[in-house]
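Working notes, beginning with the structure itself.
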Amino acid sequence: QVQLVESGGGLVQAGGSLRLSCAASGRTFSSYSVGWFRQAPGKEREFVAHLSRITGGTTYADSVKGRFTISRDNAKSVVYLQMNSLKPEDTAVYYCAARPLSGPYTAAASYDYWGQGTQVTVSS
């Protein structure tokens, strides 16, 4: 089993930065890739970023490329989403998710485990 716990959300002014963290547990975690999704009120859940456990490669949504970075620490037990140059349209609940080594990276249905979500609010 994989358990995910998110933290780091909050209120920030446009142009500012936040770092979200996703603490993972479970001995099988190394078999999973991880991703970040977000969902704004009244809108569909949106893919944000993905990190492959096989290659270490990353994938980003076009809307966040150049501003957001997904990474993990040396212990490989915490996944981060560094968010820079934040915009009001980045306001959403952000979710960390873990995915088996199959399925499309950008599809929420490909992920088996989800964190509780953390609110990010970017003011004008």
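All heavy atoms count here, side chains included; hydrogens, waters and symmetry mates do not. By convention here, the first residue in the shown sequence is residue 1.
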Could you give the distance from [atom1] ([X]) to [atom2] ([Y]), rounded to the nearest 0.5 Å?
| X | Y | atom1 | atom2 | value |
| --- | --- | --- | --- | --- |
| R72 | T58 | CZ | OG1 | 11.0 Å |
| Y95 | E46 | OH | CD | 13.0 Å |
| Y113 | S25 | OH | OG | 10.5 Å |

Flag, side chain of [X] to backbone of [Y], donor-acceptor distance under 3.5 Å:
| X | Y | answer |
| --- | --- | --- |
| Y32 | A97 | no |
| T91 | V122 | yes |
| S33 | R53 | yes |

Handout entry: Pairing of K87 and D90 as salt bridge, 4.0 angstrom limit
Key = no
Under a single-linkage definition using a 4.5 Å side-chain heavy-atom cutoff for Ile, Leu, Val, Met, Phe, Trp and Tyr, are [X] and [Y] assigned to the same hydrophobic cluster?
| X | Y | value |
| --- | --- | --- |
| Y60 | V48 | yes |
| V64 | L81 | yes |
| F47 | L51 | no |
| M83 | W36 | yes |
| V34 | V120 | yes |

Problem - Close side-chain approach of L20 to R38, heavy-atom, < 4.5 Å - result: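 Answer no - side chains too far apart.
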Practice task
Using the side chain to side chain contact (heavy atoms under 4.5 Å, CB included) rule, take V93 and F37 through it: C-alpha gap first, then chi angles, then the decisive distance, then the call.
Solution key: CA-CA 8 Å; V93 176; F37 288 75; over 6 Å; no
Check: residues 104-112 side-chain donor-acceptor pairs under 3.5 Å, at least two apart:
unit_1, atom_1, unit_2, atom_2, d
S110, OG, P104, O, 3.0
Y111, OH, Y105, O, 2.6

Return the minimal non-hydrogen interatomic distance between [X] and [Y], and the atom names on each side.
| X | Y | value |
| --- | --- | --- |
| L4 | A24 | CD2-CB, 3.7 Å |
| A40 | A92 | N-CB, 3.8 Å |
| V78 | S21 | CG1-CB, 4.2 Å |

Completion exercise
For Q116, the side chain to side chain donor-acceptor pair (under 3.5 Å) test, sequence neighbours excluded, returns none
Problem - More than 12 heavy atoms of other groups within 6.0 Å of E89 CD - result: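 Yes.
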All N/O donor-acceptor pairs, side-chain side in residues 10-19, below 3.5 Å, sequence neighbours left out:
unit_1, atom_1, unit_2, atom_2, d
Q13, OE1, S123, OG, 3.1
Q13, NE2, S124, O, 2.6
S17, OG, N84, OD1, 2.9

